[in-house]
2 protein chains.
Amino acid sequence: MGDMSILDHLQKEMSSLSKAELSIAKAILSDVDAAVQMTTADLAKLAKVSDPMISRFCRTLGCKSFPDFKVQLAKSVATLPSFISSAVSPGDDAALYIEKRISANQSALEYIRGRLEPQVIETAVKLLQKSKRIEIFGMGASAAIAQDAQDKLFRFGIPTGAYVDHLMQRMVAAAANEDSTFILFSFTGRTKEMIKIAHIVRESNAKLIAITHPGSPLSKLAHVSITSGDELEDTTIYVPMTVRIIVLTIVDILATGLALAQGNRLDKHLKRITNSVDGTKIE
Amino acid sequence: MGDMSILDHLQKEMSSLSKAELSIAKAILSDVDAAVQMTTADLAKLAKVSDPMISRFCRTLGCKSFPDFKVQLAKSVATLPSFISSAVSPGDDAALYIEKRISANQSALEYIRGRLEPQVIETAVKLLQKSKRIEIFGMGASAAIAQDAQDKLFRFGIPTGAYVDHLMQRMVAAAANEDSTFILFSFTGRTKEMIKIAHIVRESNAKLIAITHPGSPLSKLAHVSITSGDELEDTTIYVPMTVRIIVLTIVDILATGLALAQGNRLDKHLKRITNSVDGTKIE
DNA sequence: TATCACCTGTAATTAAATTACATTATAGTC
DNA sequence: GACTATAATGTAATTTAATTACAGGTGATA
């Protein structure tokens with residue numbers, strides 16, 4: 001079972017459970033917090049099965065015993081994404097909305113944990129690594145992300161620019177060639193201007209990585225498309241919050257991949273960058 | 001005990017434990033992952049105490065029983081910030097560094113869960129709400145954050161500017177008065193230029209909110225200082241990654257607080273903003 | 001010095017979980 | 001449809017784990 005949480009595993013196995021096992025699963029899922037405190041007898045009664053079915057059920061799920069199952073379940077409960085509790089309401093005090101926003105952003109990260117495909121990331125990293133130049137575009141809410149991405153990626157030995165002005169973006173895209181890789185950020189992937197720019201990138205024979213809504217027009221134009229997590233939040237109606245945490249974490253991942261791919265031959269180069277801000281801070 | 005994790009509670013009680021209780025505590029802390037799988041007999045042997053001491057110890061900590069203690073402990077383990085496992089190594093493949101980066105950012109958010117003080121956030125929100133104008137400054141890695149914060153805060157009926165050029169920042173700070181609130185982002189709080197700008201803000205009688213390292217020179221100049229989470233990551237040596245996720249979540253929290261404080265009287269205003277980008281997207 | 005409160009271990013008991021055995025249900029084959 | 005084999009499930013028995021009861025030891029206080 002590896003690192004998969006017992007709750008995820010349980011939900012994945014629902015369709016292959018026997019009648020009694022399904023009763024037990026439903027009883028557990030009806031109140032997970034209560035389940036971690038139950039005896040085999042309690043749970044068996046709730047699920048209307050015999051006591052030994054509980055042990056057997058745990059073994060079916062790959063646990064050593066019911067106590068082991070309860071411990072795994074407790075771990076799952078503690079890391080459970082709670083989308084419901086994240087909705088902020090008018091009467092919320094600061095303690096509550098702090099809690100909700102933190103939980104929302106943690107949950108958003110949990111959401112992409114199983115959705116980012118390693119080979120897609122690797123492909124993107126290889127494109128970046130082979131490039132003579134990296135150009136990063138964003139607009140609106142994605143503008144700050146483009147600039148943050150530049151701040152991360154410029155360090156790895158490949159000249160890296162970021163543009164947020166759509167006219168400059170068009171012109172830079174038109175001036176590019178096959179030596180460049182472009183990273184385009186668009187939560188929805190349906191911004192007309194960004195799609196137009198993507199066409200220009202493609203016409204320049206440059207490579208295109210899009211961090212965007214899966215299946216969107218922009219994603220279809222990209223050589224590599226990586227989810228923006230836009231399914232989580234309607235960014236055309238609400239102020240985009242959790243989505244940008246997802247996208248910035250994707251930036252972290254790409255930067256990490258590129259740093260690893262470049263190995264330690266850039267150590268001096270990185271040191272020089274760090275040193276360039278020497279003297280700007282109070283000791 | 002409320003919401004405090006059993007691990008936190010245990011560590012807080014260490015100095016008031018008896019000799020045997022202390023042995024048990026140490027045995028648990030020596031390998032928490034193993035402890036959740038132990039029987040009373042296993043743990044008693046490891047701690048060199050009698051079996052019943054285990055039950056008594058759990059009761060001393062406020063748990064109902066040893067099984068209850070083990071469940072609580074499992075929950076603590078699951079939410080424990082794991083700084084070690086987040087360290088990326090040269091041999092890491094994409095699946096692993098994706099996992100590590102996601103976990104690192106989740107842990108970073110967990111880190112601030114108990115460190116953000118609701119009344120400090122409320123004070124900041126009140127300052128923002130009472131302002132005639134909000135100005136947001138960042139530079140270097142914080143520049144993108146400043147622009148992101150503008151994208152969030154400008155919507156709530158208070159004119160909001162963001163500047164990343166330090167000369168413009170000086171001038172805007174000097175031109176301000178008591179009607180303005182400034183938000184300054186600096187991870188370390190030791191950037192000389194930003195501290196100079198903070199002085200200028202104070203001289204203009206404007207209010208100053210700093211998102212920065214606790215106890216730093218900048219934090220001392222602020223009317224309200226909120227942690228940047230800078231303790232987590234040496235941002236002067238490493239590329240700042242988790243720290244900006246923390247800071248952006250703080251932006252979310254402030255934006256949420258301001259939105260709630262403004263109530264629903266801005267609904268039309270918000271609608272007008274959303275409508276302003278109509279027609280820019282493919283349907 | 002005596003008393004009291006607290007700590008702790010051994011022994012006994014209870015509770016919880018698992019195994020063994022028997023019965024029932026289901027699926028496949030003729 | 002009848003029969004057989006296998007899987008699922010319950011009852012009863014057994015084992016394991018946890019807790020309670022009782023007794024003894026230690027340290028502090030009057």
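Letters A, B, ... mirror the listed sequences (proteins, then strands); counts begin at 1.
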Using the 3.5 Å cut-off, write out each protein N or O paired with an N or O of nucleotides 24-26 of chain C and the distance between them.
none

| said: Working to the nearest 0.5 angstrom, can you tell me the gap between A:I24 CD1 and A:L61 CG? | reply: 9.5 Å

| task | Round to a whole Å and report the spacing from CG of A:L17 to P of D:dA8. | result | 11 Å

| request: Could you check how far NZ of B:K45 sits from C1' of C:dT8, rounded to whole Å? | output: 19 Å

| With sequence neighbours excluded, residues passing side-chain contact (heavy atoms from CB on, under 4.5 Å) with A:A259 | A:F156

| Do the side-chain N or O atoms of A:T39 get closer than 4.0 angstrom to the phosphate oxygens (OP1, OP2) of C:dA15? | no

| request: Report yes or no: does B:S103 contribute a side-chain atom to a donor-acceptor pair with the main-chain N or O of B:K100 at less than 3.5 Å? | output: no

| task | Rounded off to whole Å, could you give me the NZ-to-P distance for the B:K64 and D:dT20 pair? | result | 13 Å

| message | Can a side-chain donor-acceptor contact be found between B:E13 and B:S16 if the only test is distance below 3.5 angstrom? | response | yes

| query | Could you state the CZ-C1' distance from A:F66 to C:dA16, rounded to the nearest angstrom? | reply | 10 Å

| said: Rounded to whole Å, please give me the gap between CZ in A:F57 and P in D:dA8. | reply: 14 Å

| remark: note: A:R59, atom CZ; D:dT9, atom P; distance rounded to Å ~ 17 Å

| query | C:dC6 phosphate, OP1 or OP2: any side-chain N/O from B:S18 under 4.0 angstrom? | reply | no

| said: Could you check whether A:R101 pairs with A:D92 (Lys NZ or Arg NE/NH1/NH2 to Asp/Glu carboxylate O, under 4.0 Å)? | reply: no

| said: Between B:D252 and B:T249, do the side chains contain a donor N or O and an acceptor N or O under 3.5 Å apart? | reply: no

| message | Measuring from the side chain of A:K70 (C-beta onward, heavy atoms only), which nucleotide among C:dA17, C:dC7, D:dA18 has the closest atom? | response | C:dA17

| query | In whole angstrom, what separates B:I54's CD1 from C:dC7's C1'? | reply | 15 Å

| Looking only at heavy atoms, which two atoms of B:L73 and B:A35 are closest? And how far apart? | CD2-CB, 4.1 Å

| query | Out of B:T212, B:D148, B:V247, which residue meets the side-chain contact (heavy atoms from CB on, under 4.5 Å) rule with B:F185? | reply | B:V247

| request: Would you name the heavy atoms of B:S228 and B:V243 that are closest together and state the gap between them? | output: O-CG1, 3.3 Å

Would you tabulate the pairs of protein nitrogen or oxygen atoms and nucleotide nitrogen or oxygen atoms of nucleotides 9-13 of chain C closer than 3.5 angstrom?
{"residue": "C:dG9", "atom": "OP2", "partner": "B:S50", "partner atom": "N", "Å": "3.1"}
{"residue": "C:dG9", "atom": "OP2", "partner": "B:S50", "partner atom": "OG", "Å": "2.8"}
{"residue": "C:dG9", "atom": "N7", "partner": "B:R56", "partner atom": "NH1", "Å": "3.4"}
{"residue": "C:dG9", "atom": "O6", "partner": "B:R56", "partner atom": "NH2", "Å": "2.8"}

| task | Quickly work out the B:Q37 CD to D:dA17 C1' distance and round it to whole Å. | result | 15 Å

